[in-house]
Amino acid sequence: MDQPKAARAPKPAKEPRPEGAPRRRGRPAGTRAGGAETRERILAAAREEFSARGYDKTSVRSIGKAAGVDAALVHHYFGTKEQVFAAAIELSFGPALNLPEAVVEGDPDAMGERVARFMLRIWENPATRGPLLAIVRSAVSNEAAAAVLRGLISRRVLARLAGELDVPDPAFRVQLAAAQLVGIIMLRYIVQVEPLASADPEDVVAMVAPTLQRYLTAQDAV
């Protein structure tokens, strides 16, 4: 006589996920994550989408479609839309992130001139100006995008540059210099107000450099 089969022990019930607890992120089921190549393709697509559509009209779904992957894979590599934007603008903003090192290396008496020339060189180059224009336009129209850009600039540029200065209130000085440059960028490249918009870059450098020099190196009060 056949022996009866032993009854299979029931599977233990899964504990319910606490309400409000974040879901664990992992590789989407049924999707092959293609490593660094896929990540770079998603990042490139994100840059294009944010540049072409702006922050508000870009979605994780549209980024995934442009990259040829499922939206879940975008989440897998980058997380939220804000995190994708942060990664994309850090790549686009890359040339400007070298400002602190470029500024402090050289004659201290020419620091203002180096700052002005460094920033104008980036913005005069069409290859770097396009992505930066998209970033600035997104930041002025959306608070989430502005917060991401503000954090990047404060952490990677302003704080590092202030740490290199030997002046009273270095953080305040650096922010004043940044405000001067942002004003020029807005009027020259975004609003395109004449005659600043078509002025020779060297004329702009010559006019603004003494003010930047005073902010960054003068020991007296600003």
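Only a predicted model underlies this, so the values are computations on that prediction, with no experimental measurement involved. In this chain, residues are counted from 1 in sequence order.
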*Heavy-atom side-chain contact between R137 and L133 under 4.5 Å*: yes
*Taking all non-hydrogen atoms of both residues, which atom of T128 and which atom of I122 are closest, and how far apart?*
OG1-O, 2.5 Å
_Residue pair S62 / K57, side-chain heavy-atom distance below 4.5 Å_ = no
*Is E164 salt-bridged to R160, cutoff N-O under 4.0 Å?*
no
*Which distance, rounded to the nearest 0.5 Å, do you find between the CG of L176 and the OG1 of T211?*
11.0 Å
_Salt-bridge contact E194-R188 (side-chain N to carboxylate O under 4.0 Å)_ = no
*Give, for atom CG of L181 and atom CG of L120, the distance between the pair rounded to the nearest 0.5 Å.*
8.0 Å
*Taking atom CG of N142 and atom CG of D56, what is their separation to the nearest 0.5 Å?*
4.5 Å
*Between E124 and Y189, does any side-chain donor sit less than 3.5 Å from a side-chain acceptor?*
yes
*Taking the side chain as every heavy atom from C-beta outward, state whether L212 and M111 have any pair of such atoms under 4.5 Å apart.*
no
_So V174 and Y215, do their side chains get closer than 4.5 Å, heavy atoms only?_
no
*asked:* To check you understand the geometry: which heavy-atom pair defines the closest contact between V208 and A116, and what is its length?
replied: CG1-CB, 3.6 Å
*CZ (R61) with more than 12 external heavy atoms under 6.0 Å*: no
*Hey, does the side chain of R173 reach the backbone of A218 with a donor-acceptor pair shorter than 3.5 angstrom?*
yes
_Side chains of E49 and T58 only: does a donor on one sit below 3.5 Å from an acceptor on the other?_
no
*asked:* More than 12 heavy atoms of other residues, nucleotides or ligands under 6.0 Å from CG of D166: yes or no?
replied: no
*Which atom pair, heavy atoms only, marks the closest approach of E105 to R114?*
O-NE, 3.4 Å
*asked:* Can you give me the closest heavy-atom contact between V167 and P170, atom names plus distance?
replied: O-CD, 3.4 Å
_Spacing of CZ belonging to R53 relative to OG belonging to S138, to within rounding of 0.5 Å_ = 12.0 Å
*Do M119 and M207 belong to the same hydrophobic cluster, where Ile, Leu, Val, Met, Phe, Trp and Tyr are linked whenever their side-chain heavy atoms lie under 4.5 Å apart, directly or via other members?*
no
*What distance do L216 atom CG and L161 atom CG have between them, rounded to the nearest 0.5 Å?*
6.0 Å
_Looking at every non-hydrogen atom in both residues, tell me the closest pair between L158 and Q175 and how far apart they are._
CD1-CG, 4.2 Å
*Considering non-hydrogen atoms only, spot the tightest contact between Q83 and T80 and give its length.*
OE1-N, 2.7 Å
*Roughly how far, to the nearest 0.5 Å, is CD1 of I63 from OH of Y77?*
15.0 Å
*Run the numbers on V148 and Y55 for side chain to side chain contact (heavy atoms under 4.5 Å, CB included), then give the verdict.*
CA-CA 11 Å; V148 172; Y55 183 88; 5.9 Å; no
*With a cut-off of under 6.0 Å to the ring centre and 45° to the axis, is K81 in cation-pi contact with F50?*
no
*Would you check, one step at a time, whether the test side chain to side chain contact (heavy atoms under 4.5 Å, CB included) holds for R39 with H76?*
CA-CA 10 Å; R39 187 183 189 281; H76 167 72; over 6 Å; no
*Verify side chain to side chain contact (heavy atoms under 4.5 Å, CB included) between V182 and M186, making sure each step is shown before the conclusion.*
CA-CA 6 Å; V182 169; M186 291 293 294; 4.1 Å; yes
